[in-house]
Amino acid sequence: MFINYEHENHVYKVTIERRQENFFVTYDNTEYRVSVDEIQQGHLKITIGDRIIKSIVTEGDKEKFVFIDGSVFKVKPVELTGRTKKRKKEAGEHDLDSPISGKVIQVKVKKGDKVKTGDIILVIEAMKMEYLIRAPFNGLITKVNFKEKDQIEIGQKTVEISKK
Amino acid sequence: MFINYEHENHVYKVTIERRQENFFVTYDNTEYRVSVDEIQQGHLKITIGDRIIKSIVTEGDKEKFVFIDGSVFKVKPVELTGRTKKRKKEAGEHDLDSPISGKVIQVKVKKGDKVKTGDIILVIEAMKMEYLIRAPFNGLITKVNFKEKDQIEIGQKTVEISKK
Amino acid sequence: MFKKVLIANRGEIAVRIIKACQELGIHTVAIYSDADLNAPHVLLADEAVNLGDPTPIESYLNIPKIIKIAQEKKADAIHPGYGFLAENPDFAETCNKAGIKFIGPSPEVISLMGDKIAAKKAMEAAGVPVIPGYHGTDQDNESLVKHGKKIGFPLLVKAAAGGGGKGMRIVKTESQLLESIESAKRESKSSFGNDTVFLEKYLEKPRHIEFQILADEYGNVIHLFERECSIQRRHQKIIEESPSPVMTPELREQMGRAAVTAAQKVGYTNAGTVEFMVDGFLNYYFMEMNTRLQVEHPITEMTTGVDLAKWQLRIASGEQLTLKQEDIFQRGHAMECRIYAEDPKNGFLPSVGTILKLEEPTGPNIRVDSGILADNHVSPYYDPMLSKLITYAENRTECINKMTWALSHYVILGVTSNITFLKEVFNNHEFEKGNTTTHFIDNYFKEWTITKKTLPVDALISLAVYDSLHSKKEEIVRYKEADPHSPWKHVGRWRVSGGE
Amino acid sequence: MFKKVLIANRGEIAVRIIKACQELGIHTVAIYSDADLNAPHVLLADEAVNLGDPTPIESYLNIPKIIKIAQEKKADAIHPGYGFLAENPDFAETCNKAGIKFIGPSPEVISLMGDKIAAKKAMEAAGVPVIPGYHGTDQDNESLVKHGKKIGFPLLVKAAAGGGGKGMRIVKTESQLLESIESAKRESKSSFGNDTVFLEKYLEKPRHIEFQILADEYGNVIHLFERECSIQRRHQKIIEESPSPVMTPELREQMGRAAVTAAQKVGYTNAGTVEFMVDGFLNYYFMEMNTRLQVEHPITEMTTGVDLAKWQLRIASGEQLTLKQEDIFQRGHAMECRIYAEDPKNGFLPSVGTILKLEEPTGPNIRVDSGILADNHVSPYYDPMLSKLITYAENRTECINKMTWALSHYVILGVTSNITFLKEVFNNHEFEKGNTTTHFIDNYFKEWTITKKTLPVDALISLAVYDSLHSKKEEIVRYKEADPHSPWKHVGRWRVSGGE
């Protein structure tokens, strides 16, 4: 089985094969012969010679999580061909995305407004805290995607700005 | 669905039916309309009107276990027709069964021996403790099922004694 | 003692109070919104009543709804926990009028202490030192800016009704002043329904040190020593400890007496906390009094052996405080970490999601006050604190070692938490030395990011083994039949490659 | 401090020691038999080495095997825990000869205290009162019977090398004497490899009260006050508490001094316990000294704030005892329950099986020292203790309340445990009053059986709901197609009725 894991923008290519009682994992030209005991769902005890790896693995909707040696790693699925599908965003444009799911409590701009770098565009409230969306560059508001009291989800774009 | 549960030699007859979002449980001529949330495998939150039952249910090889209100109940499967299969044992005869799984460390009798009530017949060791099997009545040893160092399982009959 | 108590809260504090009640033989009623259907306080309480709509104002802040439930369930008292309605004098008043005992001080005291300006004036009058600032009634932006300039920079803008960092802004230069005042007012209005703010001098090398007090309804007041809560991010405490590494026996004696005096002067009853700022020269200033059980109360419980939640119930039910000041002593060292669903790499932004795996550390003198269970969903409606991890040991070094061990054995998968960040704080040399001012996080963790960037090979092996064990049989078969060197396969429900 | 410690034990005590080591930065090596493949100590340790055959003599009692592993792994010390090799002077000797520090007293002291007869003689010589009895070398049955008759009945037959109730018999009448001597000898031989027994007077209203001591390698000895361990079944402790409800300040002072004297006289080092019997008139008699950490050490840790396991490591590594007698004080009240896999309805017979569900109680001042994990199999090879439940509170009543709460929230399914039994003990009026002699269980729970005989309707509803949710779809369909009034159906993999 070939598997690719993406972590912090790096792709790790691994193969794993089961032969009788053992698994053979290959990564970076090294083969590890391991025996495995799944103690509870996702709780792994993996023996490599004298060494024992104890880890917990689980999967969410979009990612997998590994707990090992006191640290958590979040790994994303790799879509080899899908890589270039996303339009490369303008520098700073990401700053217009909502950093959190919450409620829009103030919209400071309307279509056609001119804005300067650092101007407050929109205020989002989540978990009783406020988050300000500011203009990442000078420009003209071309579209406002939310109005006050709207629910907004993490990653949704608040407004569109054309650079002047 | 009809289900019979046996607990401490008493059989409880229950029916349960699922209609849309609710379950209807009938026991002892009373119907309970309940809604159910299985929070984790076997962890039940059962709502009956304003009342909430919180319980944990799990199944072993031969029985089911319920944890409720701080108590554990062990429930056995019911075999309605199998009831009379087992030969009814002589009074006291149960005392000849091993109360524990362990190792036979001493056999004090042999076939043909006469024994009196209270005589030690056999010594079993388990978990570093000793258990004595004593004669439950006066009689004659007709069969000895184990010899020293034999492994013995819980419920196995150690010897057979014919009453005189 | 009460027969039945309604707990008007959620999360770990509701669980904490339910346990205290149950041990005292008190029947408990939990309330919960639709976002908390399977929350631990719901499963633990003897009864639980649904509030519906998860919006705070429609659920845990809805006074009429909560009073109605308490009456229907015949609760003789309500414990408000902290946050939500804990310091709302109207709620305390409404409880009392409905003949339900509010577990906390009188509405008048809550009201006085809730108004930070009036509180400071009262303390000044009682001879307790306060920080220079403007606590006046000129609340138009222009006047506030004028007063601010007079105090000088840096200064703090704080919501009069605030707490927990909400409605608080630190202003470093004159140019930020107006915007900060506006934003603090807005946040205060939406959180507390009141937009009065005040301004005060920002101290050098300040530490946040507070004293726990207990006062019964017969005039007996004791303090249970200090907690240092200087380690804060976004002006919210994340690590607390007791005793404070900077405290001297003389200062402790002095501040403890000031705290008791403060409580006595205002006719305080039940558990409360007097917060001070202590500067680099060990000058101390009254900050505010919190008229409730604090988040960090467990470290006082660990060092003094006193159960504060139970004493709250006893005092409210009219029992006398049998603990005497001379019987209370500190022993060893305790620390608390607040475990938040937040991303420290990304400005401590709250995170949401489902708790997929949860394993809490256990061991001697490790206490976890948790508000979550496996499979719970962490919603964006409420404060993102998941739990509190508390450790106790014979001394500060051992306590740090134990906390580090416990953090390394705390498994929360599915939601980003601050655990890794906390571990690095405990690993910081200045922290180890006790150099813990309120600027600590800004000074040492401003641009913090997780240092370990690469995925360790053991994690890769674990993932591969997991996927191999959990891929559906058909998929493995399908895979095996195909060219073993082609990566165009499906693994589990993940697409490992496209192209077919 | 040591770099690497091998823990020559299993279960909760191995876990306890591994945690203490890890907090001190010591690398740990666990050993485990084939019956313990996924036991918690194996999963927690930094390294774990398999011993194979689960028979004790081939695994946790196998000295050459264990020494070899320690050498291969380059461990600088071995912690023996309690039981197994903890009080085996040959093991301590072998460790020392191999250049591995044995964490405990010297082989000579273990040897002296392991011989109960010699130990009593040494104590008598040191002026510590001992119980009348026969501790001589005439070990033929005839002489022993003669000596027994001289002491009178009731009397105790005890294995000289024994402990934990093994090889112990209580003899009420002359007619049982010979049989008891034979059986005690046999059990002692098989457990300890030595069949020497002694006889002693059986006291009226006796309580088992012991003093914890700590002694460093430079002659400093302190005691950490008493534990009462009178609640026993089959002569094994099941509930312990500190302080003892019968203790007076004067008696505590006296017995504490006797314990320290006893330790000093024999040149004791590391942690140890001096056990006394105290009769109804508060006379006390030296019983024996346990040269190891006790099962019940946590209640001392709770009341004194001292971490005994860590001090064992520190002392063994040559550190000085920095704790002074005057710094040690008791605060509040602590209790411990031993959670056993056993059936109290059936003579406390050990039970075996698989832990299907496990949920440990959590809350302030609730400590669970556990040796099991969900899905672990409880085998018949070792002691049936699964875990220890410890609670601390401001006073004895609160401590009992907390324990009752904790027991009610302890879920162990799959193996019969003594939890329900323990709850009833805490509910007993004589226990509440502190009337806790060693005869307590015999007096009040002789013919004990679970009182609640009928299955509550909520349990039935839960079972039915569970079965409905977990029955396989085909089976439900098959059922639905059939006559709904016929009980001849299959539900899940259970046969609910026969006949087809």
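Proteins come first, then strands; the chains are lettered A, B, ... in the order of their sequence lines, and each starts at number 1.
Residue B:Glu17: no heavy atom, backbone or side chain, is found under 4.5 Å from chain D. Both the backbone and the side chain of D:Ser183 come within less than 4.5 Å of a heavy atom in chain B. With a threshold of 4.5 angstrom between heavy atoms, D:Ile412 approaches chain B through N, CA, C or O but not through any side-chain atom. If you measure heavy-atom distances from B:Ile56 to chain D, the contacts under 4.5 Å come from both the backbone and the side chain. Using a 4.5 Å cut-off between heavy atoms, B:Val34 touches chain D through its side chain atoms alone. Heavy-atom distances place no part of B:Lys103 under 4.5 Å from chain D, backbone and side chain included. When heavy atoms are compared at a cutoff of 4.5 Å, D:Val457 approaches chain B solely by way of its side chain, counted from C-beta outward. In this structure, the portion of D:Leu469 lying under 4.5 Å from any heavy atom of chain B is its side chain and not its backbone.
Note that OG1 of D:Thr454 is 8.5 Å distant from NE2 of B:His7, once rounded to the nearest 0.5 Å. With values rounded to the nearest 0.5 angstrom, D:Leu356 atom CG is found 6.0 Å from B:Phe65 atom CZ. Summarising the geometry, atom CG belonging to B:Leu44 is positioned 11.5 Å from atom CD1 belonging to D:Ile461; distances are rounded to the nearest 0.5 Å. Of the inter-residue distances, the one linking B:His10 atom NE2 with D:Leu455 atom CG reads 10.0 Å to the nearest 0.5 angstrom. D:Ser190 contributes atom OG, which lies 4.0 Å from atom CD of B:Glu125 (distance to the nearest 0.5 angstrom). To the nearest 0.5 Å, atoms OG1 (B:Thr58) and CG (D:Leu358) are separated by 12.0 Å.
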Could you go step by step and tell me if B:Lys54 and D:Glu359 meet the salt bridge (Lys or Arg N to Asp or Glu O under 4.0 Å) rule?
-> CA-CA 14 Å; B:Lys54 286 152 286 187; D:Glu359 241 171 72; over 6 Å; no
Apply side-chain contact (heavy atoms from CB on, under 4.5 Å) to the pair B:Ile3 and D:Leu463, showing each step before the final yes or no.
-> CA-CA 9 Å; B:Ile3 319 175; D:Leu463 281 161; over 6 Å; no
Take B:Tyr5 and D:Asp467, measure what side-chain contact (heavy atoms from CB on, under 4.5 Å) needs, and give me the verdict at the end.
-> CA-CA 11 Å; B:Tyr5 299 104; D:Asp467 283 333; 2.5 Å; yes
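Every side chain to side chain contact (heavy atoms under 4.5 Å, CB included) that D:Lys172 has, sequence neighbours left out, goes to D:Ile170, D:Gln176. Considering only residues two or more places apart in sequence or on other chains, D:Asn427 meets the side chain to side chain donor-acceptor pair (under 3.5 Å) condition with none of them.
Using a distance-only test at 3.5 Å, with no hydrogens or angles considered, a donor-acceptor pair links the side chain of D:Lys423 to the main chain of B:Gly70.
Looking at heavy atoms from C-beta onward, B:Ser55 lies out of side-chain contact with D:Asp458 at the 4.5 angstrom threshold. The shortest distance between side-chain heavy atoms of B:Lys74 and D:Thr416 falls below 4.5 Å. B:Asp69 has its side chain out of reach of D:Pro456: every pair of non-hydrogen atoms, C-beta onward, lies at least 4.5 Å apart. The shortest side-chain heavy-atom distance between B:Phe67 and D:His409 does not fall under the 4.5 Å cut-off.
Taking a cutoff of 4.0 Å between a charged side-chain nitrogen and a carboxylate oxygen, B:Lys108 and D:Glu182 do not qualify as a salt bridge.
Annotation for D:Ala459 and B:Phe73: closest pair CB-CD1, 4.4 Å, computed over non-hydrogen atoms.
With hydrogens and angles left out, the side-chain atoms of D:His470 and B:Glu59 include no donor and acceptor closer than 3.5 Å.
Of the listed residues (B:Ile46, B:Val57, B:Ile120, B:Val123), the one with the most heavy-atom contacts under 4.5 Å to chain D is B:Val57.
Residues of residues 19-30 of chain B lying under 4.5 angstrom from chain D, judged on non-hydrogen atoms, are B:Phe23, B:Val25, B:Tyr27 by number.
Listed by first then second residue, pairs satisfying salt bridge (charged side-chain N to carboxylate O under 4.0 Å, His left out) with a partner in residues 133-143 of chain B read B:Arg134-D:Glu179, not counting sequence neighbours.
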